[in-house]
J.: 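Can you keep this structure in mind? I'll have questions shortly.
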Amino acid sequence: MQRAIVDFSTDEKDEPIAWLNCGHPQHVRHEPPFVNRPWVLQPETRQQMLGQSLNCVRCDAAEWPQTVVRFDRSIDHSEVNMPDEWQQGDATAVGVWGRIHVTEGRLHYSQNELAVEAL
């Protein structure tokens with residue numbers, strides 16, 4: 001899933017890490033001829049990449065970012081009291097994750113390329 005770069009840091013080996021708007025970190029090494037990213041070598045050129053997209057394999061795998069903190073919990077919903085915006089496909093804000101717990105029945109949920117069927 002394509003995600004925008006929002007920040008950079010380095011790891012314990014001083015290798016650059018891109019922080020994506022989903023909350024996942026991703027190493028962005030320059031290792032020719034396999035990976036050609038000369039822009040990671042200088043802080044100035046890394047800053048120019050803010051807002052550019054990278055494929056987030058952790059989002060593809062529906063992996064929660066380690067930085068996720070519980071903020072709120074909604075009431076239990078059913079087909080009778082489900083909010084209209086959920087049924088219309090409105091998206092959550094950038095950096096917001098949600099956990100859906102199906103206690104009874106079936107739910108079909110899809111997010112871009114990710115589709116989940118819960119029984």
Side-chain angles (χ1 to χ4, degrees):
M1 204 169 295
Q2 293 295 307
R3 300 294 191 193
I5 301 170
V6 295
D7 200 6
F8 287 97
S9 64
T10 55
D11 66 10
E12 64 281 351
K13 295 179 183 176
D14 205 32
E15 294 184 356
I17 297 172
W19 286 91
L20 306 178
N21 65 354
C22 56
H24 289 123
Q26 183 171 315
H27 276 95
V28 284
R29 298 178 182 97
H30 176 58
E31 298 173 337
F34 303 108
V35 180
N36 191 14
R37 293 185 180 133
W39 54 267
V40 304
L41 301 176
Q42 300 297 322
E44 299 80 21
T45 53
R46 285 195 297 264
Q47 291 300 311
Q48 293 172 2
M49 293 300 290
L50 293 177
Q52 298 297 314
S53 293
L54 291 176
N55 184 48
C56 182
V57 295
R58 291 177 171 160
C59 279
D60 290 339
E63 179 182 317
W64 288 73
Q66 293 178 345
T67 57
V68 169
V69 180
R70 183 176 175 171
F71 175 73
D72 201 358
R73 183 186 188 286
S74 71
I75 63 169
D76 291 345
H77 293 286
S78 69
E79 67 276 0
V80 176
N81 69 348
M82 186 168 306
D84 289 338
E85 59 269 12
W86 290 8
Q87 296 180 36
Q88 296 168 1
D90 286 359
T92 58
V94 170
V96 173
W97 285 72
R99 176 178 288 171
I100 300 171
H101 181 78
V102 178
T103 57
E104 183 180 328
R106 295 179 63 137
L107 169 74
H108 178 81
Y109 171 79
S110 63
Q111 175 187 346
N112 299 338
E113 300 89 31
L114 177 66
V116 178
E117 189 79 27
L119 298 175

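Fair warning: this is a prediction, and the values are worked out from it, not measured in the lab.
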J.: Please list all pairs passing the salt bridge (charged side-chain N to carboxylate O under 4.0 Å, His left out) test where one or both residues lie in residues 36-46, with sequence neighbours left out.
T.: none
J.: Applying the side-chain contact (heavy atoms from CB on, under 4.5 Å) test to F8, which of I5, T10, V6 qualifies?
T.: I5
J.: Grouping I, L, V, M, F, W and Y whenever their side-chain heavy atoms are under 4.5 Å apart, do L54 and M49 come out in a common cluster?
T.: yes
J.: Determine, stepwise, if the pair H30 / V35 fulfils side chain to side chain contact (heavy atoms under 4.5 Å, CB included).
T.: CA-CA 6 Å; H30 176 58; V35 180; over 6 Å; no
J.: If you measure from CG on D11 to NE2 on H27, what distance do you get to the nearest 0.5 Å?
T.: 3.5 Å
J.: Between the main-chain N or O of G23 and the side-chain N or O of R3, is there a donor-acceptor pair closer than 3.5 Å?
T.: no
J.: Can you measure from NZ (K13) to CZ (R29) and round to the nearest 0.5 angstrom?
T.: 7.5 Å
J.: Taking L50 as the starting point, is it possible to reach V40 by hopping between hydrophobic residues whose side chains are less than 4.5 Å apart?
T.: yes
J.: For the hydrophobic clusters of this structure (ILVMFWY residues joined by side-chain heavy atoms under 4.5 Å, transitively), does one cluster hold both V28 and M1?
T.: no
J.: Applying a strict under-4.5 Å side-chain criterion to I, L, V, M, F, W and Y, I'd like to know whether L41 and I17 cluster together.
T.: no
J.: Does some side-chain heavy atom of R58 sit less than 4.5 Å from a side-chain heavy atom of P25?
T.: yes
J.: Give the minimum heavy-atom separation between Q26 and C56, together with the two atoms involved.
T.: OE1-CA, 4.0 Å
J.: Kindly say whether E63 contributes a backbone atom to a donor-acceptor pair with the side chain of H24 at under 3.5 angstrom?
T.: yes
